[in-house]
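A short worksheet on the structure shown next.
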Amino acid sequence: MKKTVFLSSLAVAALATGMASATTLEDVQARGTLNCGVSTGVNGFSAPDANGVWQGFDVAVCRAVAAAVLGDPMAVNFVPTTGQTRFTALASGEIDMLARNTTWTFSRDVDLGFTFVGVNYYDGQGFMVPRELGVSSATELEGATVCIQTGTTTELNLADFFRVNNMSYEPVPIETNAEAQQQYLAGACDVYTTDASGLAATRASFEAPGDHVILPEIISKEPLGPVVRHGDDQWADIGRWTLNALIAAEELGVTSANLEQMAAGTNNPEINRLLGSEGSLGEMLGLDAEWARRAIAAGGNYGEIFAATIGESTPIGLARGLNAQWTQGGLMYAPPFR
Amino acid sequence: MSDTHAQTVPYVRDTMLSPQDPPSSQVGVTKWMRENLFDGWVSAVLTVLAVAAIGYAIVHLYPWFANSVWNADSLTQCREILDGATGACWAVIRVNWLQLIFGFYPPDLYWRPVLLFVLLFVAIAPILFPSVPRKVLWFSALYPFLAVWLLWGGSLWTILAVLAGFVIGYLVMVGTHKMGAVVSVGLTILVPVAYWYFLAGPLASGINSVVPIEVTPVASRDFGGFMISVVIGVAGIALSLPLGILLALGRQSNMLLIKWMSVIFIEFVRGVPLITLLFTASLLLNYFLPPGTNFDLILRVIIMVTLFATAYMAEVIRGGLAALPRGQYEAADALGLDYWKAQRLIIMPQALKISIPGIVNTFIGLFKDTTLVVFIGILDPIGRASAIRATSDWQGVYWELFIFIGAVFWIFCFGMSRYSMHLERRLKTDHR
């Protein structure tokens, strides 16, 4: 009995110290660390390495924001969240932002009271089949057994796709990606469906990746992006424009290699405004002039982050596709820094 | 005997036969096999099938174990080394075992949980084995405070200030015990709680600013791996037994309020899955508490796991109480013992002895249930294993991690089970 009292007294102490009611920016600066919600592990997007350091594409967004706000890309507390706990963790203030390959949907944005600050990865649902099946298009999947993770949007997309194409299928419900992988390899299903990036990562880990093909059809839109709480527009702006700074940096040719040189001043005024040698954009955000410079220094520009975590030179080997700059035929389009 | 037979029997052998060996079917391996493996055709068929199954398993599993790869940095390397052969890639354990054990705990502070784990055995030794000197019990009582201090770090004075509350409570209890039970119990609870709430914090930080004794603090979210299973498991086990005893007694109490509160608590908690309680702890509490509060997640989980195990424990102990003959209660009354003395000296020693298998059963269940915290985003061994599999290096590794985790859990649970059997033998007083 007394031990419980003791524990609850600790809780009371924790409660008293945790009280705070300032803006998110002030909270984060007072705390000195950014609490960033990530997944419990998605290959290439967020996972701790063998030294316990978080790595990945979503993790890089957290680090860039931490660098912009706190000046230290490592000043991030990564809070692993599951599909169920992610939104409550954000709503309750346990995390300051969520970067957990979360699809931007109407109801999440409007009904749940969150603000999506942008899209850092345009994904879409795809199919993977064994090559020996001889299937070359998803429209040939009549009567197939399909391994699918339950409780996700992919489940609903799948039902829609097969209905629209007037085909039947037999779902094999599965809890996690790792389990799905085992089931698929064991032949429990003909087809595995999930986000295309996940399929690529999964296929890359197979013993014989060449024996499996990812079908060309992408049956849904999955714009994945960082999320913050509704109602603190300044904090949302910081998240949005940090992401935009990474994207704009790629467009403007600012890389981690030439960053110092460019920050000294160039003859391109937009670069100067972005990196803080001209204008007062940082001040308008409530940060200092070099915020974007630090954000880019954290992991490079958008293209560098992409290449280092999930790009074609990594085992995951994703092509830029939709995620190329708008000038390259993609959808990455940062509004002007002006 | 008449000598009739002397005339009727034509031949009587007058020398002994030399002893013969028993028939080969009645000795040694053959006999054992006939009796145990081929006793009738059902048995024979089953034996053949079992041998075939074991043989099949060995033929298929042996190469997997025999070709084990221990030195590689990724699954791809493992596959290169194996070069097409099947084989286990234990390298994933070798590379990540520190992560699986400690989670994100800072590597330079690993000595703290390790030291605590060793001291844990010192702390529980006097409880487990009567031959250990009784004085060690003082260490057992202090151990939880030491554990909290070393695990989470921070100022020693905070812990000592909290500890002082118990001393205050004890002094109040001694000072007021002549004022009647209700006043005494009320004050014994109220005074320390008020002290903890109002005084302990400022006092600790005050002393700490003068004489700082601090170790590096570690946040709860850095806990992980087996460390978190053991922390939750040990805290749950240590708290659920005493609370369970109180609840079991409460359920049998003559006082209606206490009885019904106990019944409602037990039935409610037993009627709800643990995962629901965990989700409540991690999600719902956040909505109830004022925004911005930071009620430690591990603490919340420990409380929920403890409540859950307590309800089961109470029912196990109630079973032990029900098994005691009525005469034992009457004998205690006849000796003039009051309620608590009767419980302590007569009833509980017997009831607990009867309940040992059930109690240990609950302990083992609780320990294994700690893996459910993976669903609320705590990276326990299972969660950490999924995170390991989510890296490009190790994606696709499956059995090795689960076998390792399973083996470690088995060692803990089997240890508990063996100890409970030892305890049962030691406490056996009947002559069955």
Under 4.5 Å from a heavy atom of chain B, the part of [X] involved:
| X | result |
| --- | --- |
| A:S39 | neither |
| A:A91 | side chain |
| A:A201 | both |
| A:Q182 | side chain |
| A:F78 | backbone |
| A:N35 | side chain |
| A:P48 | both |

Where does B:W97 contact chain A at under 4.5 Å (heavy atoms): side chain, backbone, both or neither?
neither
Side chain / backbone / both / neither for B:Y105 at chain A, heavy atoms under 4.5 Å
neither
Counting only N and O atoms by type, is there a donor-acceptor contact under 3.5 Å from the side chain of B:R79 to the main-chain atoms of A:F206?
yes
For B:S392, is there any backbone N or O sitting under 3.5 Å from a side-chain donor or acceptor partner on A:N43?
yes
Check: B:R389 and A:Q181 side chains under 4.5 Å, non-hydrogen atoms
no
Looking at side-chain heavy atoms only, is the closest gap between A:T40 and B:L379 below 4.5 Å?
yes
Is B:W64 atom CH2 crowded by more than 12 heavy atoms from other residues, nucleotides or ligands, each under 6.0 Å away?
yes
Which pair of heavy atoms, one from [X] and one from [Y], lies closest together, and at what distance?
| X | Y | value |
| --- | --- | --- |
| A:V79 | B:R221 | CG2-NE, 3.5 Å |
| B:F375 | A:T85 | O-CG2, 4.0 Å |
| B:R384 | A:D49 | NH2-O, 3.9 Å |
| B:V374 | A:T82 | O-CG2, 3.9 Å |

Could you tell me which of A:T81, A:V53, A:N51 has the largest number of non-hydrogen atom pairs under 4.5 Å with chain B?
A:N51
Among A:R86, A:E179, A:E207, single out the residue with the greatest number of heavy-atom pairs under 4.5 Å to chain B.
A:E207
